[in-house]
Amino acid sequence: AQRYGCSALIIYSDPEDYAPSGTLVYPNGPSLPPYGLQRGSLLEPDGDPLTYLVPSLDGVFRESYSSVMASGGVPSIPVQPIGYGDAIYFMSQLDNISAPNSWIGGLNVSYRIWQSDSNTNQSFIQVNNYQEQRTIYDVIGTIYGQVEPDQMVILGNHRDAWVFGAVDPNSGTAVLQEMARAFGTLRTKGWRPGRSI
């Protein structure tokens, strides 16, 4: 979208993929409801785009956000995810050039990709975001192995939660914390694993 001169990009998860016909949507079933949306990232590189392929640590050289944006490493236009319940409104505004068959989904609308010159409908995106650098933290614990300390068994879970606090990673967090408690109890009795954990 950015390369083709668009001023913004609105994306949605089509019900063809996320709420197929005949499936129940949340809260009555597992499928994405009409006003549900996906959160994630459209960034193509792995890791922090300001420290590409290098850990984002204090003291590491960082590219400026504007230079990364100029090189296409991060979007220079706003990208807004919406639910398919809202997407149908925007899709119905398009009235020219049929979408390729592979783009046609499960909305009850003609899938088109262009707005004709005679179509005076307009849509606006108001952006109230700002960029800031924030510190994130990893919690790491190590128990060195007794037999093969250079061989590692790695256990992990994400600790962050975007909306619902501990509900997001709760199952993995509960298991990891219980394992840490059990290993701690064993360590107080002199136990060490064969390999490092």
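Keep in mind it's a predicted model, so treat the numbers as computed, not measured.
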What residues, two or more places apart in sequence or in another chain, satisfy salt bridge (Lys or Arg N to Asp or Glu O under 4.0 Å) together with Glu148? Arg195
Using only atom types and a distance under 3.5 Å, with no angle test, would you say the side chain of Glu16 pairs donor to acceptor with the backbone of Ile104? no
Sidechain-backbone polar pair: Ser196 side chain, Pro149 backbone, donor-acceptor under 3.5 Å: yes
Does one side chain, of Ser116 or Asn96, offer a donor that lies under 3.5 Å from an acceptor on the other? no
Rounded distance [0.5 Å steps], CD in Gln80 versus CG in Asn129: 8.0 Å
Between Asn28 and Tyr26, do the side chains contain an N or O donor and an N or O acceptor separated by less than 3.5 Å? no
Min side-chain heavy-atom separation Asp14-Leu107 under 4.5 Å: yes
Can you hop from Met91 to Ile82 via hydrophobic side chains spaced under 4.5 Å? yes
Note: with side-chain heavy atoms under 4.5 Å as the link, the other cluster members for Tyr144 come out as none
Measure across Tyr84 and Ser13 and return the closest heavy-atom pair with its distance rounded to 0.1 Å. CD2-O, 3.3 Å
Would the number of heavy atoms belonging to other residues, nucleotides or ligands and lying under 6.0 Å from CG of Asp117 be above 12? no
Just wondering, do Gln146 and Trp191 contact through their side chains at under 4.5 Å, heavy atoms? no
What distance do Glu63 atom CD and Tyr52 atom OH have between them, rounded to the nearest 0.5 Å? 12.5 Å
For Asp150, look at atom CG and say whether over 12 heavy atoms of other residues, nucleotides or ligands are found less than 6.0 Å away. yes
Looking only at heavy atoms, which two atoms of Pro49 and Gly73 are closest? And how far apart? CB-O, 4.4 Å
Would you say Glu132 has more than 12 foreign heavy atoms packed within less than 6.0 Å of its CD? yes
Please report the shortest heavy-atom distance between Pro20 and Thr23, naming the atom on each side. O-OG1, 2.7 Å
Measure from the side-chain N and O atoms of Tyr89 to the backbone N and O of Gly85, and report whether any donor-acceptor pair falls under 3.5 Å. no
Under 3.5 Å, side chain of Asp48 to main-chain N/O of Ser56, donor-acceptor pair present? no
Where Ala1 and Leu9 come nearest, the two heavy atoms and their spacing: CB-CD1, 4.0 Å
Going by distance alone, is a donor N or O of one side chain under 3.5 Å from an acceptor N or O of the other, for Thr185 and Thr188? no
Verify whether one side chain among Thr51 and Arg62 offers a donor that lies under 3.5 Å from an acceptor in the other. no
